[in-house]
K.L.:
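Structure below; questions to follow.
Throughout, a chain's letter reflects where its sequence line sits, starting with A, and its residues are numbered from 1.
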2 protein chains.
Amino acid sequence: MENTGEVKVKSLYKCLKILECFTAKTPDLGITEIAKKLDLNKSNVFNMISTLVAAGYVEKNPTTDHYRLSLKMLEFSYVITSRIEYQAIVMQIMQRLSNELNHAVLFGVMHGTQVLYLYNTYPKSISNDYLVRSLMGEKAPLYCTSLGKAILSALPKEEVSAHLDDHLVPFTKTTLTSVEELMRDLKLSASRGFSVDNSEHEQGIRCIGVPVRARDGRLIGGMCVSGPVQHIPDDDIERLARNLISASFEIRNRT
Amino acid sequence: MENTGEVKVKSLYKCLKILECFTAKTPDLGITEIAKKLDLNKSNVFNMISTLVAAGYVEKNPTTDHYRLSLKMLEFSYVITSRIEYQAIVMQIMQRLSNELNHAVLFGVMHGTQVLYLYNTYPKSISNDYLVRSLMGEKAPLYCTSLGKAILSALPKEEVSAHLDDHLVPFTKTTLTSVEELMRDLKLSASRGFSVDNSEHEQGIRCIGVPVRARDGRLIGGMCVSGPVQHIPDDDIERLARNLISASFEIRNRT
DNA sequence: CATGTTGTTCTGTATTGTAGAACAGTATGC
DNA sequence: GCATACTGTTCTACAATACAGAACAACATG
């Protein structure tokens, strides 16, 4: 007897949809704005938001007079991340990689058709190439990121399509937008053990990714180095990949 | 006309209380367990949890058969952290401090009577003294942490009591448990510009903290170095504090 | 086999969420 | 200065719906 995950409390489901309206691009929202976006009644949204304010999870931005998610919401992050058993090992190895390779290193997991970034580390001497920030909770498509493609390349072929968006939207000129192209790229990645993102998601950013497994062989996520194209020249890809692969191997051995 | 933050949708408020049952110490919970804890009806909790599962924010732990918060919840973290404008500057300076002082550095903000940790950095060469992990979203009392006391010491005296728990619970032998003692400590911290936590929260851990302000003078949080007592000897406190103070000053100048 | 746990399903009732209209407060236009 | 067009907020009446309670299934445990 399994919980099917039915929507049994409609008002609660509505509220979650309201919370999802707050995004990195639109972190500040007004009542009417939300109501329009979700086709809900103004007073309905108002009641929900008021309750969220009462509980401390939403607050009014005093300067814009709009609502936004409050820091209290971060308390949930800690509950989630502190139960990830491989966290310490992964982060330690990532930091070492960052220092050795002098690049930002990212770790993320598969989440439907997207990568969900968990950890990121920066080189010990931080240049101005990087905007230093936590990426925890950011999402990006699997099909156009090195991290995503590394994960996809480690999946059984028949499972891949379930994790692809219906339409492979081009973000840049180099984005792979046909399934055939992508599958060929994944096959190549699988055979050589690493994936490459040649500015397929963000213009001017190149990444090299590898899948990450736990001791039991279970795929736990992916890891990549990321940086401006001019800092990751073609003839350096091999070296970076080798380091990533051995780091991934070390994680596997230490989990 | 201000939103008073009334609880207008009771079922939603209940659900938030359900989510709050999931903590770092008890991340896996059963239906009955939650119902008992909150004195709610089993079927009531079941309906809520089912809805949360349907929306993807809660999942069943396949090994324990209990429920837990899912990674999807982290998406909110990114929405929140990416709107913090001083993030890049603070993290960059923290990483530099970590490297220079060879200690873990923590940054957090005041949240009621608690510190809410946001960022933490580790020295470039990570020893085994540290369990490397993200502290984002973790909480600790203001009155017994260097970070908390640094923030309190920067507040107007009359505001302090509003941010103190009713009862100053002793975590260790050295925890300051009387308001008088604490106020004296805060006065000292304010005068010299830094606070010290002598294993007042966690046995064997010593921290040195300073308040952090933005350019306009507004208090945005606190920052501290933290480590095992044997690595932060008495005669090194002054040096660490000086570095922290100048780092805090630099943040202020660059925001 | 009995007892005590779970999680899950179902149903009738009354609690409560919600739509819609009305109001207040602010900004922008002419 | 008077409209107009936005906001967020309050109120109320009605019906949708959340919920208590009982019952059941699936496991344990003794």
K.L.:
Sequence neighbours left out, what passes side-chain contact (heavy atoms from CB on, under 4.5 Å) with A/His163? Give chain and number order.
P.N.:
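Partners of A/His163 under the side-chain contact (heavy atoms from CB on, under 4.5 Å) test: A/Met110, A/Leu142, A/Leu152, A/Leu155.
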
K.L.:
Applying salt bridge (charged side-chain N to carboxylate O under 4.0 Å, His left out) as the test, list every pair that has at least one member in residues 136-145 of chain B; sequence neighbours left out.
P.N.:
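Counting only pairs at least two positions apart or across chains, the salt bridge (charged side-chain N to carboxylate O under 4.0 Å, His left out) contacts touching residues 136-145 of chain B are A/Glu75-B/Lys139.
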
K.L.:
For a quick test of your reading: what N or O donor-acceptor pairs under 3.5 Å do the side chains of residues 37-44 of chain B make, sequence neighbours left out?
P.N.:
| from | atom 1 | to | atom 2 | distance (Å) |
| --- | --- | --- | --- | --- |
| B/Asn41 | OD1 | B/Ser43 | N | 3.0 |
| B/Asn41 | OD1 | B/Ser43 | OG | 3.1 |

K.L.:
Write down the distance between CG (B/Asn47) and P (D/dT17), rounded to a whole number of angstrom.
P.N.:
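Between P of D/dT17 and CG of B/Asn47: 14 Å.
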
K.L.:
Can you name the ring-ring contact (aromatic ring centres under 6.0 Å, His included) partners of B/Tyr78, sequence neighbours left out?
P.N.:
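If we apply the ring-ring contact (aromatic ring centres under 6.0 Å, His included) test to B/Tyr78, skipping adjacent residues, there are no hits.
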
K.L.:
Of all residues at least two apart in sequence or in a different chain, which pass the side-chain contact (heavy atoms from CB on, under 4.5 Å) check with A/Ser248?
P.N.:
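For A/Ser248, the residues satisfying side-chain contact (heavy atoms from CB on, under 4.5 Å) (neighbours in sequence not counted) are A/Val210, A/Val212, A/Met223.
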
K.L.:
What side-chain hydrogen bond (donor to acceptor under 3.5 Å, both in side chains) pairs are there with at least one residue in residues 143-160 of chain A, not counting sequence neighbours?
P.N.:
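Sorted pair list: A/Lys149-A/Asp185, A/Lys149-A/Glu200.
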
K.L.:
Using atom CD of B/Glu6 as one end and atom P of C/dG17 as the other, report the distance to the nearest whole Å.
P.N.:
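Rounding to the nearest Å, CD of B/Glu6 and P of C/dG17 are 13 Å apart.
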
K.L.:
Could I get a table of every N or O pair under 3.5 Å where one atom is in the protein and the other is in nucleotides 20-23 of chain C?
P.N.:
| from | atom 1 | to | atom 2 | distance (Å) |
| --- | --- | --- | --- | --- |
| C/dG20 | O6 | A/Ser43 | OG | 3.1 |

K.L.:
With the threshold set at under 4.0 Å for non-hydrogen atoms, list the residues of residues 22-39 of chain B touching DNA chain D in residue-number order.
P.N.:
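Hits under 4.0 Å, by residue number: none.
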
K.L.:
Could you list the residues that satisfy ring-ring contact (aromatic ring centres under 6.0 Å, His included) with B/His201, not counting sequence neighbours?
P.N.:
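B/His201: ring-ring contact (aromatic ring centres under 6.0 Å, His included) contacts with B/Phe171.
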
K.L.:
Can you give me the bend angle of the helix from C/dT3-D/dA28 to C/dC30-D/dG1? Use the axis through the first five pairs and the one through the last five, nearest 10 degrees.
P.N.:
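Taking five pairs per end, the axes differ by 40°.
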
K.L.:
Taking only heavy atoms on the protein side, list every residue of residues 9-16 of chain B lying under 4.0 Å from any atom of DNA chain D, sorted numerically.
P.N.:
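Within residues 9-16 of chain B, the residues near DNA chain D are B/Ser11, B/Lys14.
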
K.L.:
Tell me, which pairs form a ring-ring contact (aromatic ring centres under 6.0 Å, His included) where one or both residues lie in residues 42-64 of chain A, sequence neighbours left out?
P.N.:
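Applying ring-ring contact (aromatic ring centres under 6.0 Å, His included) to every pair that reaches into residues 42-64 of chain A, excluding sequence neighbours, yields A/Tyr57-A/Phe76.
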
K.L.:
Rounded to the nearest angstrom, tell me the gap between atom CD in A/Glu59 and atom P in D/dG8.
P.N.:
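So the CD-P distance, A/Glu59 to D/dG8, works out to 16 Å.
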
K.L.:
Would you indicate, yes or no, if D/dT7 has its OP1 or OP2 atom less than 4.0 angstrom from a side-chain nitrogen or oxygen of A/Tyr67?
P.N.:
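So the side chain of A/Tyr67 is outside the cut-off, no N or O lying under 4.0 Å from OP1 or OP2 of D/dT7.
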
